[in-house]
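What follows is a set of notes on a single structure, which appears directly below.
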Amino acid sequence: KNWKNQLSKKGFYSAVSKALSAHKGDSLQKGLSAFRVAPDKSSRSYLRVYDDERAQILKKSRIRTTLGRKYALSNNFSIKTTDKSVVLEGKGFGHGVGLCQFGAFEMAKRGYTYKEILKRYFPAFVLEKIY
């Protein structure tokens, strides 16, 4: 399921600074006017932010933990910024890195085999007998 949430740029700045402090022992220091977010894609697991010219890389899961599920319903999201707000758009309600139990169950009800279901969620892996 797709979702979209908006929060103030100040609130997002605060969440990023808090996440940097908690997970990297660092923080944003130049203030809101020097804060920028690099162009983002939902397929990326990290976000690049700038504190003036100093780049910081932060996992989206860390931002999600700081913001809470009210704004970031999963780790599969992208971020767009305006002058005053930040929009998070995403899919799903999980962590975005594995098999969705609800999706797999629905595929099974529709007649997909376990091999087809695993191929959908883990396309790069090969299932083979090892004994």
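Just so it is clear, the values below take in all heavy atoms, side chains as well, and ignore hydrogens, waters and symmetry mates. This is a predicted model, so every value here is computed, not measured.
Atom CD1 of Ile79 and atom CG of Leu88 lie 4.5 Å apart (nearest 0.5 Å). Atom CD in Gln29 sits 10.0 Å away from atom CG in Leu20 (nearest 0.5 Å). Rounded to the nearest 0.5 Å, atoms NZ (Lys30) and CG (Leu28) are 11.5 Å apart. With rounding to the nearest 0.5 Å, the separation of NZ in Lys18 from CD1 in Ile63 is 13.5 Å. The distance from the NE2 atom of His23 to the OG1 atom of Thr66 is 5.0 Å, given to the nearest 0.5 Å.
Phe105 belongs to no hydrophobic cluster with other residues, because no ILVMFWY side-chain heavy atom falls under 4.5 Å from its own, directly or through intermediates. Chaining together hydrophobic side chains whose heavy atoms lie under 4.5 Å apart places Ile57 alongside Tyr46.
The minimum heavy-atom distance linking Leu7 with Phe12 is given by the pair CD1-N, 3.6 Å. Here the shortest heavy-atom pairing between Arg64 and Leu73 reads NH2-O, 2.8 Å. Taking each heavy atom of Leu58 and Val16 in turn, the nearest pair found is CD2-O, 4.1 Å. Closest approach of Ala104 and Tyr121 over heavy atoms only: N-OH, 3.5 Å. The minimum heavy-atom distance between Ile117 and Ala108, with the atom names listed, is CD1-N, 3.8 Å. Considering every non-hydrogen atom in both Trp3 and Ser74, the closest pair reads CZ2-N, 3.6 Å.
Taking the centre and axis of the six-membered ring of Phe122, the NZ or CZ atom of Lys119 falls outside the cone set by 45° and 6.0 Å.
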(request) Assess whether salt bridge (charged side-chain N to carboxylate O under 4.0 Å, His left out) is satisfied between Asp40 and Lys60, documenting all intermediate values. (result) CA-CA 11 Å; Asp40 182 41; Lys60 287 182 178 178; 3.1 Å; yes

(request) Show your working on side chain to side chain donor-acceptor pair (under 3.5 Å) between Gln56 and Asp26 and close with a plain yes or no. (result) CA-CA 9 Å; Gln56 293 277 15; Asp26 203 351; 2.7 Å; yes

(message) What verdict does the salt bridge (charged side-chain N to carboxylate O under 4.0 Å, His left out) test give for Arg120 and Glu116, after you've listed the backbone C-alpha separation in whole Å, the side-chain angles of each residue and the deciding distance to 0.1 Å?
(response) CA-CA 6 Å; Arg120 161 67 176 86; Glu116 292 170 321; over 6 Å; no

(request) Mind running side chain to side chain contact (heavy atoms under 4.5 Å, CB included) on Ser78 and Lys41 for me, showing each step along the way? (result) CA-CA 5 Å; Ser78 63; Lys41 296 179 183 176; 5.8 Å; no

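Under 3.5 Å, the side chains of Ser14 and Ser17 contain no donor-acceptor pair of N or O atoms.
Under a cut-off of 6.0 angstrom, the local environment of NZ in Lys24 is crowded, with over 12 non-hydrogen atoms contributed by other residues, nucleotides or ligands. Surrounding NZ of Lys9 are more than 12 heavy atoms belonging to other residues, nucleotides or ligands, all under 6.0 Å away. The neighbour count for Gln101 CD, taken as heavy atoms of other residues, nucleotides or ligands under 6.0 Å away, does not exceed 12.
Side chains of Val86 and Tyr71 form no contact here, defined as non-hydrogen atoms less than 4.5 Å apart. Looking at heavy atoms from C-beta onward, Gln6 lies in side-chain contact with Ser85 at the 4.5 angstrom threshold.
Hydrophobic clustering (side-chain heavy atoms under 4.5 Å, transitive across Ile, Leu, Val, Met, Phe, Trp, Tyr) keeps Val87 apart from Leu47. Neither Phe102 nor Tyr112 shares a network with the other; the hydrophobic side chains, linked directly or stepwise wherever heavy atoms of I, L, V, M, F, W or Y lie under 4.5 Å apart, form separate groups for each.
Between Phe35 and Tyr13, the angle of the ring planes goes over 60°, which puts this pair in the perpendicular group of the 30/60° scheme.
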